[in-house]
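One structure is given here, and the rest of the page talks about it.
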Amino acid sequence: MARSFDLSLILFVLYLSTAAIAMARNLEEESTGDTEFIKASCETTSYPDRCFQSLSSYASEIKKQPRKLAETALAVSIARAKSAKTYVSEMTDYKGITKRQHEAVADCVEEMGDTVDRLSNSLKELKHLEEGDSGEDFWFCLSNVRTWTSAALTDETTCLDGFGGKAMNGELKSLIRTRIVSVAEETSNALALINDFASKH
């Protein structure tokens, strides 16, 4: 009786172990598939390495969903833009800043504020789209998303244009340019992923 019980227990433990291993493999394969989806999607962007680096950690949330990927890319862009706006605004107290540089910094802060607003509008509109819909309302909303995201990209470029010319060269320009270029690349990637999502409808 004891041996029969021991054998049953051993078989039960083996069954649980096998089931756990199979489940772990399935989760690993699913995770790998989600990550590969992001990697392949990022190849359609202008900055694929930055795209994958920014979005791969959200693979389990995105789960091979093009719209969710575009939404996440916009959310990342918004976070970057907010951070850049704060960073640039602090540069008004930069040591030795000239009047012209101060004006360029102030203009850039305003442009980055517009960027945050436009990207936020894009994300809100994208979330309103019905999955599987492809009617007039869908394309109207999608057009708004594209327009706002493109306008945000223009805002970022306008900020950089304010630091044009040799007279503006120096550490201040370099520091700000690094931050804004980072935001612009994220925004460009988000727009590409929005267009990729649109192409599937």
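Numbering starts at 1 and runs along the sequence shown.
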Taking it one step at a time, do Leu172 and Met91 satisfy side-chain contact (heavy atoms from CB on, under 4.5 Å)? CA-CA 8 Å; Leu172 177 64; Met91 289 297 178; 3.7 Å; yes

Considering non-hydrogen atoms only, spot the tightest contact between [X] and [Y] and give its length.
X      : Y      : result
Ser188 : Leu153 : N-CD1, 4.0 Å
Gly162 : Met168 : O-CE, 3.5 Å
Ser41  : Leu193 : O-CD2, 3.7 Å
Ala59  : Ile38  : CA-CD1, 3.5 Å

Is there a side-chain contact (heavy atoms from CB on, under 4.5 Å) between Asp155 and Met112? Walk through the geometry before answering. CA-CA 7 Å; Asp155 292 331; Met112 294 313 295; over 6 Å; no

Are the side chains of Glu186 and Ser54 in contact, using a 4.5 Å heavy-atom criterion? yes

Any heavy-atom pair between the side chains of Val109 and Lys85 that's under 4.5 Å? yes

Would you say [X]'s side chain and [Y]'s backbone share a donor-acceptor pair under 3.5 angstrom?
X      : Y      : result
Asn189 : Tyr47  : yes
Ser174 : Glu171 : no
Ser89  : Thr86  : yes

Salt-bridge contact Lys39-Glu43 (side-chain N to carboxylate O under 4.0 Å):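 Salt bridge flag = no for Glu43 with Lys39.
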
Indicate, with yes or no, if [Y] and [X] share a hydrophobic cluster defined by side-chain heavy-atom contacts under 4.5 Å among Ile, Leu, Val, Met, Phe, Trp and Tyr.
X      : Y      : value
Leu191 : Phe138 : no
Val88  : Val183 : yes
Tyr58  : Leu123 : no
Leu126 : Leu69  : no

Can you pull out every disulfide bond (SG atoms under 2.5 Å apart) where at least one residue sits in residues 142-201? Sequence neighbours excluded, please.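 Disulfide bond (SG atoms under 2.5 Å apart) check on residues 142-201 returns Cys108-Cys159.
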
